[in-house]
Amino acid sequence: MDYNMLIVLYLLNGPLTASESFSQSPFSLRDLECVFFAHVNVTCHWTPAVNAQPDTLYTMQVNQTGWNSDQCISSLPRCSVPVSSLNRIYCVQVFAHSDHHPTVSSDTLCLNGTDAVKLPPPEQFQLTAESGRPRCLRLHWFPPKNFPLTTQKINSGYLLYQLQYSTADQSVPLILDVDLREKLQCVFLPCSQYSVKMRYRYKHSLSHWSDWSLTATHHTDVEAPSSVPQLWQTFQPADATGFRHVTLLWKAALESACTAWFNVQCPAAVNLRDCTNISLANRSCHLTVPQHTYICTFSMFNSAGSAPPASITIPSQWRTDQKSLISLRVTSLDDSSLEVQWAAVESPTITGFVVEWCITESTQCQSDPHWHRVDHNTFKTIITEGVEPNTPYSISVRVVYGALSDPGLTVLAYIRQAAPSAGPKLHVAAYGCLNLVLRWSPVPLALRNGFITRYTLHYQNEDNVTRELAVPVDWQQYTFHGVSGQYRFYMKAHTKAGKGPAGPVLSVFIASCTSMQTALLSGCVFIAGFCILLCMCWRMRWRIKQNIWPKVPSPALSSLSDWL
């Protein structure tokens with residue numbers, strides 16, 4: 001079957017042959033576009049003038065050098081005329097007819113069809129891996145039938161080429177200019193699955209890119225690791241036996257997706273636990289070491305080979321009391337990155353810095369934080385790994401002195417803030433006659449979604465009149481004076497992003513001074529009577545115990561006073 005080929009011809013601002021002015025013409029020459037389909041037709045499109053009448057008809061005339069001309073008539077601003085070959089000179093002219101306007105026409109444009117051809121896409125496109133070249137793929141493509149260029153012209157450089165390729169991790173495909181006469185293309189990463197398309201164009205300024213080919217997929221070969229990745233370690237305090245638990249951390253090279261494993265070899269006293277034949281995807285393993293300094297060897301390998309080994313020193317103590325950091329500042333750049341900047345005193349013993357970050361109050365902070373190591377001349381970095389909006393992060397920078405590090409500085413940071421998810425919880429701290437002291441518990445850190453800037457305290461009396469008070473963020477309680485009756489209280493927290501929901505409602509009855517005094521007097525009378533009764537009972541019990549009985553003539557006692 002024949003494949004369509006097209007030529008796009010642009011007629012830009014040509015003069016009209018009619019005597020009327022351009023603004024009065026029903027035909028706009030500037031938007032004329034013609035497309036040639038080989039062995040099928042030529043189709044032209046144009047934009048009518050603003051004042052074109054509904055009865056306007058258009059005639060498109062196509063003259064082929066050495067052949068008869070052909071034409072088509074249309075009421076729409078497009079028309080098609082059959083053509084048989086591109087290897088000729090075509091002259092195109094469009095006429096506009098209307099009962100309300102004289103006939104006008106465009107200038108005649110003559111052009112060799114092959115100079116502006118849009119070629120059909122390849123009939124086949126294939127990829128194969130190249131043994132021993134993990135960053136290369138071999139590309140094969142085959143032109144369709146009736147391709148206007150011979151194999152000799154293709155090999156002579158009559159075509160320009162582009163590749164479009166992507167992996168599962170790429171949201172936007174990349175487009176690259178290449179020369180596909182060289183079958184081997186080494187623009188890829190090893191150990192990656194690629195989806196690739198190709199297209200080409202005739203090497204002429206008026207030509208157009210072909211449609212993309214069908215997608216071909218292939219996996220690049222495995223590449224042996226060239227070096228050991230960055231290493232870092234964190235320590236837990238020594239247990240009762242003096243052993244320390246060490247977490248060994250590493251980062252796989254970002255430019256390689258190859259699977260690899262590693263081994264750690266240490267002196268016999270060190271318990272390797274899970275640090276043998278571990279995939280780099282784990283990013284950490286654990287050691288148990290006595291209270292001494294040890295040097296361990298780290299080696300990394302995969303099916304294609306191994307990297308030169310590296311060593312890591314586990315010191316007897318991992319922190320020094322020396323403090324070299326002067327300042328630490330964290331700035332949010334966008335919804336996926338934070339910029340960390342710091343300043344330190346000049347010291348020849350400083351060998352580098354380590355930036356650590358984790359979700360605040362998570363167990364990750366102690367054993368397996370995100371981290372990034374830089375040299376001693378670097379004082380800022382941008383972190384993107386494991387950060388998301390509305391989440392509090394503890395970000396630390398430590399100064400490294402060989403195998404030791406200092407305590408560093410830590411700040412709390414948000415990549416983006418939002419309104420809090422909850423309000424503070426109120427409780428009564430003290431109350432008295434016409435007075436009430438309220439305290440509140442801070443919003444849990446996980447629900448703050450940002451830095452609290454202030455609070456709003458809302459209260460409602462028995463008349464259902466609600467009022468509110470602005471409370472500074474550093475206050476922990478608030479005292480009401482001269483209030484009485486039934487009240488309802490609740491509180492809201494604010495960040496720079498907005499106000500959060502209300503916290504739990506607290507209902508409190510505040511007694512007036514009169515009711516307080518009456519209650520106090522009643523309590524005093526009750527306590528006094530109770531004390532008198534206790535005394536009487538105690539005296540009666542003492543007399544019985546001493547066998548002291550009243551001398552009365554009758555078995556019945558005449559009064560309680562005879563007993564007393």
Side-chain angles (χ1 to χ4, degrees), residues 1-10 35-39 85-87 111-224 226 253-258 304:
M1 70 181 266
D2 291 337
Y3 284 82
N4 292 335
M5 303 179 185
L6 53 88
I7 304 172
V8 181
L9 309 176
Y10 295 99
V35 181
F36 281 77
F37 296 90
H39 312 297
S85 174
L86 292 178
N87 297 317
L111 185 67
N112 189 328
T114 56
D115 290 341
V117 66
K118 178 181 179 181
L119 299 170
E123 191 171 63
Q124 298 181 45
F125 178 53
Q126 301 171 352
L127 299 175
T128 57
E130 184 72 8
S131 178
R133 306 286 296 274
R135 296 176 180 268
C136 303
L137 288 175
R138 187 170 291 276
L139 282 63
H140 306 270
W141 70 275
F142 302 92
K145 295 178 181 178
N146 299 322
F147 198 65
L149 297 180
T150 64
T151 302
Q152 181 179 3
K153 287 188 175 182
I154 294 174
N155 294 333
S156 299
Y158 277 67
L159 293 179
L160 302 175
Y161 303 90
Q162 282 187 339
L163 288 182
Q164 175 181 288
Y165 59 93
S166 63
T167 64
D169 298 330
Q170 287 179 251
S171 58
V172 179
L174 298 178
I175 296 178
L176 183 67
D177 292 323
V178 295
D179 187 352
L180 290 188
R181 291 179 297 171
E182 300 174 1
K183 301 296 184 182
L184 196 63
Q185 300 296 320
C186 299
V187 295
F188 307 100
L189 296 178
C191 311
S192 300
Q193 180 80 14
Y194 278 94
S195 298
V196 185
K197 297 179 181 181
M198 66 159 290
R199 66 180 180 180
Y200 40 57
R201 62 182 291 177
Y202 187 67
K203 204 170 187 178
H204 192 281
S205 59
L206 295 179
S207 67
H208 298 271
W209 288 108
S210 69
D211 293 331
W212 289 105
S213 69
L214 296 177
T215 301
T217 59
H218 210 282
H219 200 283
T220 52
D221 276 353
V222 177
E223 182 178 52
S226 59
L254 296 178
E255 67 274 8
S256 175
C258 297

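On a predicted model such as this, the values are computed, not experimentally measured, just so you know. Atoms considered below: every heavy atom in the structure, side chains included; atoms not considered: hydrogens, waters and symmetry mates.
Atom NE2 of His218 is separated from atom CZ of Phe188 by 11.5 Å, given to the nearest 0.5 angstrom. Here His208 contributes atom NE2 and Leu119 contributes atom CG; the two are 11.0 Å apart, rounded to the nearest 0.5 Å. Note that NE2 of His140 is 7.5 Å distant from NZ of Lys183, once rounded to the nearest 0.5 Å. A distance of 6.0 Å separates CG in Leu163 from CZ in Phe125, rounded to the nearest 0.5 Å. Going from atom OG of Ser210 over to atom OH of Tyr202 covers 15.0 Å, rounded to the nearest 0.5 Å.
Residues passing the side chain to side chain donor-acceptor pair (under 3.5 Å) test with Gln162 are Asp177, Arg199, sequence neighbours excluded. In this view, Arg181 and Asp179 satisfy the salt bridge (charged side-chain N to carboxylate O under 4.0 Å, His left out) rule, not counting sequence neighbours. Partners of Arg133 under the salt bridge (charged side-chain N to carboxylate O under 4.0 Å, His left out) rule, at least two apart in sequence or in another chain, do not exist in this structure. In this view, Gln170 and Ser166, Thr167, Leu174, Tyr194 satisfy the side chain to side chain contact (heavy atoms under 4.5 Å, CB included) rule, not counting sequence neighbours. By the ring pair (Phe, Tyr, Trp, His ring centres under 6.0 Å) test, Tyr200 pairs with Trp141, Phe147, sequence neighbours left out. By the side chain to side chain contact (heavy atoms under 4.5 Å, CB included) test, Thr217 pairs with Gln193, Ser195, Thr215, sequence neighbours left out. Checked against side chain to side chain contact (heavy atoms under 4.5 Å, CB included), Gln164 has the following partners two or more places apart in sequence or in another chain: Pro173, Ile175, Lys197, Trp212. The salt bridge (charged side-chain N to carboxylate O under 4.0 Å, His left out) check on Glu130 picks up Arg138, with sequence neighbours excluded. Leu214 meets the side chain to side chain contact (heavy atoms under 4.5 Å, CB included) test with no other residue; sequence neighbours excluded.
Between Leu139 and Met198 there is no side-chain heavy-atom pair separated by less than 4.5 Å. Using a 4.5 Å cut-off on side-chain heavy atoms (C-beta onward), Pro134 and Thr220 make no contact.
For residues 114-162, the set of pairs meeting the disulfide bond (SG atoms under 2.5 Å apart) definition, not counting sequence neighbours, comprises Cys136-Cys186. Note on residues 201-215: pairs passing salt bridge (Lys or Arg N to Asp or Glu O under 4.0 Å), not counting sequence neighbours, are Lys118-Asp211.
In terms of heavy atoms, Tyr165 sits closest to Val196 at CB-CG2, 3.9 Å. Nearest heavy-atom pair across Pro144 and Pro122 is CD-CA, 4.4 Å. Here the shortest heavy-atom pairing between Pro190 and Glu223 reads CG-OE1, 3.2 Å.
With hydrogens and angles ignored, the 3.5 Å screen pairs no side-chain donor or acceptor of Ser213 with any backbone N or O of Pro121.
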Side chains of residues 148-157: which donor-acceptor partners sit under 3.5 Å, not counting sequence neighbours?
| unit_1 | atom_1 | unit_2 | atom_2 | d |
| --- | --- | --- | --- | --- |
| Thr150 | OG1 | Lys153 | N | 3.3 |
| Asn155 | ND2 | Thr151 | O | 3.3 |
| Ser156 | OG | Gln152 | O | 2.7 |

